[in-house]
Amino acid sequence: MKFAVYILSLALVVVASGLPVAHVVSAAAAAHKFHTSFTVADYNAPERSLQITLRTFPDDLEKVLGRRSGKAVRLDRKKVTEPLLVAYLQETFRLKNAKGETVKLNWVGMDAGVDSAWLYFEAHLPEGCAGVELSNQFMFDLYDDQINLVNVKQGGRKHALTFKNGDRFQPLAPR
Amino acid sequence: MLTKITRSVVLAVLCLAFAPAAATTVLSQSKPRPSDKFRQLEEILPTPNEQRAASGAPGRSYWQQRADYRINVELDDVNQRVTASETITYHNHSPDTLSYLWLQLDQNIWRQDSDANLTQTAPNLDGRVPLSQIENMLHARSFEGGYRITAVRDARGAPLKHTIVKTMMRVDLSQPLAPGASVAFSVDWNYNINDERKISGRTGYEFFPKDGNYLYQIAQWFPRMAAYNDVSGWQHKQFLGAGEFTLEFGNYRVSITVPDDHVVASTGVLQNPNAVLTPVQRARLEQARTAKNPVLIVTPAEALANESHKPTGKKTWVYHADNVRDFAFASSRKFIWDAQGHNVEGNRVLAMSYYPKEGNPLWERYSTHAIIHTLNVYSRYSFTYPYPIAISVNGSIGGMEYPMICFNGPRPEEDGTYSALVKYGLISVIIHEVGHNYFPMIVNSDERQWTWMDEGLNSFLQYLSEQEWEENYPSRRMSPQNIREYMASADQVPIMTNSESIRQLGNNAYMKPATALNVLRETILGRELFDFAFKQYAQRWKFKRPMPADFFRTMEDASGVDLDWFWHGWFYTIDHVDISIERVRLFQPLTGNPELDKGALMKERGEQPQTLTQERNQALPKRVDEFPSLRDFYNTYDALVVTERDREQYRQFLQTLTPRERELLQTGLNFYVVDLKNIGGLVSPVILDIEYADGTHELMRIPAEIWRYNSTETSKLIMTNKEVRAVSLDPRLETTDVDIANNSFPRRPVKSRFQLFKEGQGQPNPMQLEHKQPSPAPTQ
Ligand SMILES: [Zn+2]
């Protein structure tokens with residue numbers, strides 16, 4: 001499924017190159033140009049777990065899940081929405097351990113208000129953050145200008161990451 | 001807890017002065033870094049001149065151009081096209097002679113070869129690309145957008161030489177236009193309207209497949225005069241999509257020809273109601289002017305009947321608008337229309353909403369109320385709404401503002417239910433877009449250059465208006481806590497960045513300046529001073545074109561407070577607020593009374609821990625014990641034991657003091673020094689909550705100038721006869737301090753949101769989404 005779409009994307013790029021590609025001009029600068037997510041990833045040493053809180057905007061979240069599932073999605077209908085959300089996170093918020101293996105995310109829950117939605121999940125990292133890499137593609141499929149800010153805290157140390165469209169894996173902790 | 005507060009006993013007391021405790025004095029060898037944070041802004045701001053005064057007000061020779069328009073436009077509902085012609089009368093109020101004029105051709109952003117298209121970076125094609133996105137991209141590639149200019153003529157009908165430069169057009173005048181002179185010329189054009197659901201951008205049509213009808217929201221639809229001003233000359237920076245518009249004021253007379261079953265909503269006052277409205281509609285409109293609630297001019301049942309209607313001909317709706325900088329309209333046979341007259345500080349305004357049935361039940365209940373509410377609140381903080389009309393229209397455009405009219409997107413679901421998110425999203429966007437009438441439609445800032453001057457100021461007033469809609473209104477992204485993550489992040493540009501180069505537009509140009517003004521109002525100036533100064537700015541610059549310096553200068557000029565450090569930190573840098581309480585030190589003065597002073601020193605000595613070596617050495621046999629003759633005076637002398645000589649000295653000392661000095665000496669004051677460190681770089685007022693051992697609290701609000709000698713480290717003295725248990729910084733989260741873990745002394749562990757949630761103590765957000773069936777709308 002993913003593979004097929006990837007081929008389709010590639011084909012599109014080939015067709016498009018060399019042509020003046022008219023594009024969706026970015027949306028009106030009205031009240032909604034907040035294409036940013038904020039993540040705090042806190043390494044909890046006793047639990048050997050990276051505890052992640054991702055703050056995003058609930059309308060964006062409804063929009064992106066709705067586009068993927070092909071039906072209207074509402075965050076206040078958690079039973080239907082959570083599985084979609086978990087699948088979306090596994091796909092867009094990707095952690096690789098030092099051996100290059102994908103680290104599974106464990107869903108903790110969600111707190112959704114009108115202003116913000118907070119997503120809580122954990123990743124078990126028995127070896128700590130060293131060598132672990134993150135690719136945060138959250139909402140990149142909705143907005144070309146989406147920016148994902150991530151603050152990693154391990155021990156007393158803080159490290160800030162920024163993900164823009166096109167960015168791939170970045171080390172969680174400075175080498 | 002006091003054990004964590006460093007205690008030093010001050011050693012000298014004579015003259016009631018305190019010598020620094022030697023132990024805490026550290027001689028620094030390196031020179032301190034000079035503090036630049038309070039440097040005055042004059043060298044950065046443009047030099048005041050006759051157009052723009054040093055006070056921030058328009059100067060005595062302030063001037064601006066003027067452009068009046070007469071336009072005939074026809075909307076083609078079959079091919080979704082606009083065909084129109086205009087006569088522009090341009091008045092040169094500048095001191096300069098102009099040999100050519102520049103016009104804006106905004107529709108050209110949709111030409112296939114436009115800079116906006118060519119410079120668009122690749123979309124993200126990783127992972128799953130929804131078919132709808134691919135379809136939109138294909139549609140965009142086949143859309144024949146952009147103006148076709150069919151004629152440019154002078155007042156006598158002779159062709160004028162014109163040159164199209166992307167989204168701008170230069171018109172060469174046959175005679176140079178002298179200062180004070182006017183020139184009239186005409187332009188004919190047509191263009192294809194964009195399908196706004198596929199190619200979005202502040203204007204376009206929405207197609208409703210279920211009933212086969214179109215809803216048009218038409219803007220940037222006529223060649224408009226580029227602004228010519230004292231700062232930029234011609235402001236003809238190309239339109240790339242983000243930097244909005246820079247326009248001149250003028251009077252408009254616009255005739256809009258549409259299918260005869262359409263209802264038109266427009267900037268301006270309808271001039272020919274008898275020709276386009278039914279007698280029933282005119283009667284309802286009359287009734288609406290004095291109604292206490294919105295009155296339906298076109299009812300839902302009538303609009304539904306119109307949907308299956310076919311037009312039999314055309315109708316021309318004629319509008320007139322005075323002193324506006326732009327003109328927009330909407331048209332559809334699907335419109336439900338309600339109206340309510342309202343007196344805004346003495347000005348009679350007709351507030352009106354136009355929406356398809358898909359907007360109900362939300363729109364009939366909230367739209368017109370939200371318009372009126374906005375006019376009330378914004379007028380109070382700036383100036384009385386000067387126009388006779390204020391309109392909100394529902395269509396596919398998420399939210400976009402024009403003079404007297406704005407387009408707003410939110411709708412309920414098909415079954416008529418809606419989440420709180422959609423409800424408050426609708427009210428907020430209407431407040432925001434109606435609010436834009438003040439900034440930038442009337443306070444006519446240069447949007448192409450400075451997005452924050454309208455979006456930042458407008459978002460700030462939007463927040464104030466929302467908080468007057470209902471208690472604890474879930475205002476989006478405007479509270480000081482919500483900016484913290486952005487402020488702490490690295491990927492930023494200063495607010496003072498050109499509109500087209502801004503990264504993270506929403507955070508940078510909307511939220512950060514709005515939060516800055518909130519902090520300025522609540523924490524730095526206080527409401528009274530801020531509101532006076534802000535209103536001065538709005539009143540000075542209404543129907544004029546302010547620049548950033550005019551805002552900065554007016555706020556200082558009217559408040560009487562030097563804010564250069566604030567503008568510098570918040571608008572010219574990407575610093576953030578992070579202040580840490582490094583430690584709290586306790587100094588206790590000697591009273592001079594040997595009983596008390598020596599007692600305190602002895603107590604302190606007694607509290608010193610015995611070292612391990614001392615402890616182990618204690619049991620060893622000592623030579624002076626074996627040979628007592630070795631003992632003399634010094635083996636028993638204790639400097640801290642009170643002697644008769646001490647008492648006599650104290651009696652003599654007391655006699656030298658006045659009664660007031662004697663009283664001061666008895667008070668037993670504690671002197672606490674709170675050491676503060678500025679980690680984030682942004683200078684901020686310091687708000688300290690002092691908690692005493694007896695459980696009482698004291699709040700100290702210290703202006704930001706405490707940092708003026710040293711912007712990285714400073715300290716504050718607290719004098720009290722009570723014992724301090726703890727000190728905390730910014731207890732009510734008003735300064736945007738990004739790290740609250742270092743805001744208390746002794747340090748208190750701060751539980752993360754994650755931990756709170758996981759422990760199940762996650763406080764349910766008061767704005768928690770609840771799925772509720774809307775209660776029935778009030779009957780008319
Ligand atoms: Zn806006």
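Keep in mind it's a predicted model, so treat the numbers as computed, not measured. Labels below follow one simple rule: chain letters A, B, ... track the order of the sequence lines, proteins then strands, and each chain is numbered from 1. As a basis for the values below, the full set of heavy atoms in this structure was taken, side chains included, without hydrogen atoms, waters or symmetry mates.
The salt bridge (Lys or Arg N to Asp or Glu O under 4.0 Å) contacts involving residues 42-54 of chain A comprise A:Glu47-B:Lys758, where partners must be two or more places apart or lie in separate chains. The side-chain hydrogen bond (donor to acceptor under 3.5 Å, both in side chains) contacts involving residues 147-162 of chain A comprise A:Ser37-A:Asn148, A:Asn136-A:Asn148, A:Gln146-A:Asn148, A:Lys158-B:Asp739, where partners must be two or more places apart or lie in separate chains.
The 12-atom threshold is exceeded at CZ of B:Arg197, counting heavy atoms of other residues, nucleotides or ligands nearer than 6.0 Å.
To the nearest 0.5 Å, atom CG of residue B:Leu421 and atom CG of residue A:Leu75 are 7.0 Å apart. To the nearest 0.5 Å, atom OH of residue B:Tyr424 and atom CG of residue A:Asp59 are 15.5 Å apart. Considering CD of B:Gln504 and NZ of A:Lys164, their distance stands at 8.5 Å, rounded to 0.5 Å. One finds the OG1 atom of A:Thr39 at 9.0 Å from the CD atom of B:Glu485 (value rounded to the nearest 0.5 Å).
Scanning residues 119-127 of chain A against chain B with a 4.5 Å heavy-atom cutoff picks out A:Tyr120, A:Phe121, A:Glu122, ordered by number.
At a 4.5 Å heavy-atom cutoff, B:Phe407 makes no contact with chain A through either its backbone or its side chain. If you measure heavy-atom distances from A:Ile52 to chain B, the contacts under 4.5 Å come from the backbone alone.
Side-chain atoms of A:Thr36 and B:Asn507 include a donor-acceptor pair closer than 3.5 Å.
Residues satisfying the salt bridge (charged side-chain N to carboxylate O under 4.0 Å, His left out) test with B:Glu414, not counting sequence neighbours, are B:Lys210.
Checking each of A:Val40, A:Asn44, A:Val108 against B:Phe754 for a side chain to side chain contact (heavy atoms under 4.5 Å, CB included) leaves exactly one that passes, namely A:Val108.
In terms of non-hydrogen atom pairs under 4.5 Å with chain A, the most contact-rich of B:Glu447, B:His139, B:Glu413, B:Lys423 is B:Glu413.
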